[in-house]
Protein chains: 2
Amino acid sequence: MSIPQIGASGAAPLPYGLSREELVKNRRQSRPTLIPRGRVLFWEGEHQPQKIKIVEGVIRAVRLLENGNRQILAFYWPGDVVMPTRSSCQRITAEAVTNCRVQHSAVSGICQQDEPCGAHQILSETLALVVTMSQKKSVARIADFLLRIRNHLPEDPRRPFALLLLLPRADIADHLGMSLETVCRTLAEFKMKGLIDLPNRKTIRFVDLPGLLRIAGD
Amino acid sequence: MSIPQIGASGAAPLPYGLSREELVKNRRQSRPTLIPRGRVLFWEGEHQPQKIKIVEGVIRAVRLLENGNRQILAFYWPGDVVMPTRSSCQRITAEAVTNCRVQHSAVSGICQQDEPCGAHQILSETLALVVTMSQKKSVARIADFLLRIRNHLPEDPRRPFALLLLLPRADIADHLGMSLETVCRTLAEFKMKGLIDLPNRKTIRFVDLPGLLRIAGD
DNA sequence: ATTGGCCTAGACCGAACGCACTATTCGGAA
DNA sequence: TTCCGAATAGTGCGTTCGGTCTAGGCCAAT
């Protein structure tokens, strides 16, 4: 779900011509900010002039719907950088899935040659999502998703070889376009088949990667 | 499915510094080109430096998959302008659904402030698609789709109040993420309920717009 | 200990798929 | 034009997937 290839490097080079005030402000902003779980970083349609680097935690890019439902378009993980977009093109809301530490920093401009804007970032995710949703059954979707988030999950300090599954089931469901129950059922099925282990709700251990890969293939 | 608000105006202002040869070439390119049904305008990953204005016919933006399946992300209609993108970000293939007349013309640059690039264009479509696919049942999806394409369909010269449905059933299915059979069945159901009339395969008459709207609502 | 959020499980049921087959239309050749 | 084969469209039927509903369990925070 992440876009490691886009702007995943460190802070932006400072644009020339900033006043001292701006430089100070910039420096201050480059210190990590704490975001509590559930807090909105920016709203759909709102201008978000800076890029946001995630140091710790998970952010979700979400589309809120009239009927109260939502579609989660992407998750952003530590190391990912959420790029800004023109407000007229800001089509997503960003919320903290967990408590987060993030770094805001300035960009030299919206959508430069070397720094594609948030639209490219979210497009990449969304295209993959459309294809997955229209082509794969829910079992394959979940297997695929688990494999994709695997590299981003932190280790469980208390259980060797186990990872902390930071996302609640509802978020997985709202991302993959299925019901919470289907997510549960499928995870239980995977556990039964020995593909994964779920010592508890928040912990996952990947047991049979090739098996998952095969299921994810279709 | 179209993006009338983006760059739907005429030809681009000519960039300065073109040689006479280039000017001539440019002028020639601004004459309509004929594209036969099924022909590819540009491939995924291929750099497409010019914008393409559709004069007549329908273009589909498609993502080809390994297994031979495809996902149609958007249709472009007369008056729409397909904007270029950096080749690294060119994530779609464009094909002619019907015979087409198009006009190529230069743009001053990729993704300017006043001319968002193709990424924004396709993102807008794709976001709507994801939401539709994950939230609505197939009946609602088709009703919604019919209403959306209605304004773009040309009139049937032989039947009053009837429009030419230029898209084959398979294209509708591959766009909305359902099987060809479901499209057929649903259209038949709409006809039976008096929502639309289908004098023949290629012709549609919208009979009960409020009814369709209600179904599309969900 | 109690509450509330989140997760699990099973029963039930309708929507959509896939297959098999038929019908219609299109487009090129005679 | 007329014919024919291929492509496209339509339909009936059984099956399976996944949503909804319900009831209950686990666990952390109060």
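Letters go in sequence order (proteins before strands), and every chain restarts at 1.
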If you restrict it to nitrogen or oxygen atoms, what contacts under 3.5 Å exist between nucleotides 1-5 of chain D and the protein, and what is each distance?
none

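OP1 or OP2 of D:dG18 has at least one side-chain nitrogen or oxygen of A:Ser138 nearer than 4.0 Å.
The terminal axes of the helix from C:dA1-D:dT30 to C:dA30-D:dT1, fitted over 5 pairs per end, subtend an angle of 40° to the nearest 10°.
What separates CD of B:Gln135 from P of D:dT20 is a distance of 10 Å, to the nearest Å. Computed from coordinates, the B:Ile172 CD1 to D:dT8 C1' distance equals 13 Å when rounded to whole Å. Between the P atom of D:dG12 and the CG atom of B:Leu180 lies a distance of 16 Å, rounded to the nearest Å. Residue A:Met133 contributes atom CE, which lies 16 Å from atom C1' of D:dC17 at whole-angstrom precision. Atom CG in B:Leu166 sits roughly 16 Å away from atom C1' in D:dT8 (whole-Å rounding). If you measure from atom CG of B:Asp174 to atom P of D:dA9, you get 12 Å, rounded to the nearest angstrom.
Counting non-hydrogen atoms of other residues, nucleotides and ligands closer than 6.0 Å to NZ of B:Lys193 gives a total of 12 or fewer. Counting non-hydrogen atoms of neighbouring residues, nucleotides and ligands closer than 6.0 angstrom, the CZ atom of B:Arg37 reaches no more than 12 such neighbours.
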Would you mind writing out the side-chain donor-acceptor pairs for residues 180-188 of chain A within the sub-3.5 Å range, not counting sequence neighbours?
| from | atom 1 | to | atom 2 | distance (Å) |
| --- | --- | --- | --- | --- |
| A:Thr182 | OG1 | A:Ser179 | OG | 3.0 |
| A:Thr186 | OG1 | A:Thr182 | O | 2.7 |

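B:Asp171 places no side-chain N or O within 3.5 Å of a backbone atom of B:Pro168 that could act as its donor or acceptor partner. The main-chain N or O of B:Lys191 is never found under 3.5 Å from a side-chain atom of B:Glu189 such that the two would form a donor-acceptor pair. Side-chain atoms of A:Gln121 do not come within 3.5 Å of backbone N or O of A:Leu123 as any donor-acceptor pair. Here the side chain of B:Arg141 pairs a donor or acceptor atom with the backbone of B:Leu176 at under 3.5 angstrom. Looking only at distances, no side-chain donor or acceptor of B:Asp156 sits under 3.5 Å from a matching main-chain atom of B:Leu164. When atom types are taken as modelled, the side chain of A:Arg169 and the backbone of A:Arg201 share a donor-acceptor pair closer than 3.5 angstrom. Of the possible polar contacts, none joining the A:Thr98 side chain to the A:Gly57 backbone as a donor-acceptor pair under 3.5 Å is found. A donor-acceptor pair under 3.5 Å is absent between the side-chain atoms of B:Gln71 and the main chain of B:Leu64, judged by distance alone.
Applying the side chain to side chain donor-acceptor pair (under 3.5 Å) definition to pairs two or more places apart or across chains, those involving residues 204-214 of chain B are B:Asp197-B:Arg205.
Residues from residues 185-205 of chain B that place a heavy atom under 4.0 Å from any atom of DNA chain C, listed by number: B:Arg185, B:Arg201.
Taking 4.0 Å as the cutoff to heavy atoms of chain B, we find the contact window on DNA chain C bounded by C:dA16 to C:dT25.
Between A:Phe145 and A:Phe75, the ring-plane angle classifies as tilted under the 30° and 60° cut-offs.
When the nearest nucleotides of DNA chain D are assigned to A:Lys137 and A:Glu181 by heavy-atom distance, the more 5′-ward of the two goes with A:Lys137.
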